[in-house]
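Read through the structure below, which is laid out as structure tokens, and then see the notes.
Quick note: numbers below take in every heavy atom, side chains included, and nothing from hydrogens, waters or symmetry partners. Just so we're on the same page: letters track the sequence lines, and every chain starts at 1. The model shown is predicted, which means the values in this text are computed figures rather than measured ones.
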2 protein chains.
Amino acid sequence: MTGDTRRPHTGRRRNEAARRAILDVAVELLGRTDDAPVTIDTIAAAAGVGKQTIYRWWPSKGAVLLEAMAERAGHDIPVPDTGTLRGDLDEFLTATFRRAGMRLTATVLRHSMAEAQRDQHAREQMRAFVGARRDVLRGVLARARDRGEIAPDADLDLIVDQAYGVLWYRILTGHAPLGDADASRLARALSDQAAATLTP
Amino acid sequence: MTGDTRRPHTGRRRNEAARRAILDVAVELLGRTDDAPVTIDTIAAAAGVGKQTIYRWWPSKGAVLLEAMAERAGHDIPVPDTGTLRGDLDEFLTATFRRAGMRLTATVLRHSMAEAQRDQHAREQMRAFVGARRDVLRGVLARARDRGEIAPDADLDLIVDQAYGVLWYRILTGHAPLGDADASRLARALSDQAAATLTP
DNA sequence: TACTTGTCGAGACGAACAGTCTCGATAACG
DNA sequence: CGTTATCGAGACTGTTCGTCTCGACAAGTA
């Protein structure tokens, strides 16, 4: 409570190289074989790192995996701006499906979602990640609404859920791949769906 | 290869009561607390059963859970026949969302899907279960197609994925509940989507 | 240059759990 | 009554998570 202003930071600093190695190795090990037993000991050994270095910075094994996933699955998906909802959705869903459809990324996503059902820390990180991705897509829809392309009372969340729902459902069950054609068809269907409420 | 026709079955028979107790207890334990550690030992003890009795009939812990889930989530969802696609979808999705939205059922579904990512047996059972549920919904759509309500070349699988995608996505992330209103809105959107391809 | 402080890699350790194995008892058949 | 397969019970092994301890090392401070 009293002024802790003295000594803002002393001692050795966090090793950024170790952090990178841990996150990279976690992903790489998942990709080696699909039924690979990715354990903390394996990650630590492969990253040339002590176990305590992992548990000093992450609260659980799932938290490591979730951070690696969020990095890999969230970056480099640009926010589109084609001028039309249909075009924006096509571009966004194609990029998103391509990323998620990559074998390694899909594997990471699958195991991250599984971990999120068991590990409380991972669960919260998954919530944050999913929320962030949803916000981006909802933003695309909101812009279209502001342009007057869709009804003011359209259920944007339900549309978002359909897009990401198809993605996760296919990744988790593996009953069908995520192709460009699927992304385009879904983009068309969802933009039509959003516009339909305009014509009662 | 030679005639094994002698002695088609001797010895004590499988105890059906034990089977029921195991499946019921597995579900019940999952529901007790959400972060409950449901273990094989716990199931065996609560069901008044030896561990070997479980492993004699199921190949893994995940297989037990998946069978319990398939029983609970697949039964008593009637195939609707209202005469219109919109009506059929509304009835089917409302019943399905109600079932999956029940707290206990949702918990079982969540952990089953998680188990399916780690356990090969559970994975195959999940595939079979998901395939069966998809077949039912695809059948509803196919009937509408035969009635001429939707285009012959409509992508039925994508529509099915949108419906079950929303369901699983919400259950696994927990970012929103599965309400009757969601089911009805989705039914309307998907029936419109299927019909839209008719009017180019 | 010494001193303090926090991180480093390494690995021992305990607890929890999945799955196997063995045991004597018991039920369904001939 | 003899054969056979399942039953409940629990000991046992192997794996993994997460904690704890150790001496070494780096980044500031005096």
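- Sorted by first and then second residue, the salt bridge (Lys or Arg N to Asp or Glu O under 4.0 Å) pairs involving residues 158-178 of chain A (not counting sequence neighbours) are A/R134-A/D161, A/D161-B/R170, A/R170-A/D182, A/R170-B/D161.
- When the salt bridge (charged side-chain N to carboxylate O under 4.0 Å, His left out) test is applied to B/D146, no partner is found at least two apart in sequence or on another chain.
- Remark: B/R20 pairs with B/D24, B/E71 by the salt bridge (charged side-chain N to carboxylate O under 4.0 Å, His left out) rule, at least two apart or across chains.
- For A/I43 and C/dG9, the CD1 to P distance is 14 Å, given to the nearest whole Å.
- DNA chain C is contacted by B/K51, B/Q52, B/Y55, B/S60, B/K61 of residues 44-63 of chain B, taking any non-hydrogen atom closer than 4.0 Å.
- Take B/R147 and apply the salt bridge (charged side-chain N to carboxylate O under 4.0 Å, His left out) test, not counting sequence neighbours, and it matches B/E149.
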Taking N or O atoms only and anything under 3.5 Å, show me the protein contacts with nucleotides 23-27 of chain C, one pair per line.
residue: C/dT26; atom: O2; partner: B/R12; partner atom: NH1; Å: 3.2

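- Counting to the nearest Å, the P atom of D/dT16 and the CZ atom of B/R118 are 11 Å from each other.
- Each salt bridge (Lys or Arg N to Asp or Glu O under 4.0 Å) pair with one or both residues in residues 38-56 of chain B, not counting sequence neighbours, appears once here: B/D41-B/K51.
- Separating the CD1 atom of B/I40 from the C1' atom of D/dG10 is a distance of 15 Å, rounded to the nearest angstrom.
- Applying the ring-ring contact (aromatic ring centres under 6.0 Å, His included) test to every pair with at least one member in residues 82-109 of chain B, sequence neighbours left out, gives no pairs at all.
- Using modelled atom types, no side-chain atom of A/R72 and backbone atom of A/L109 make a donor-acceptor pair closer than 3.5 Å.
- Partners of B/N15 by side-chain contact (heavy atoms from CB on, under 4.5 Å), not counting sequence neighbours, listed by chain and number: B/A17, B/A18.
- Residues passing the salt bridge (charged side-chain N to carboxylate O under 4.0 Å, His left out) test with A/D155, sequence neighbours excluded: B/R185.
- Computed from coordinates, the B/H121 NE2 to C/dA18 P distance equals 14 Å when rounded to whole Å.
- Of the residues in residues 15-23 of chain A, none has a non-hydrogen atom less than 4.0 angstrom from any atom of DNA chain D.
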Can you give each donor-acceptor pair under 3.5 Å made by side-chain atoms of residues 125-133 of chain A, sequence neighbours left out, with the distance rounded to 0.1 Å?
residue: A/Q125; atom: NE2; partner: A/A63; partner atom: O; Å: 3.3
residue: A/R127; atom: NH2; partner: B/G174; partner atom: O; Å: 2.9
residue: A/R133; atom: NH1; partner: A/G74; partner atom: O; Å: 3.3

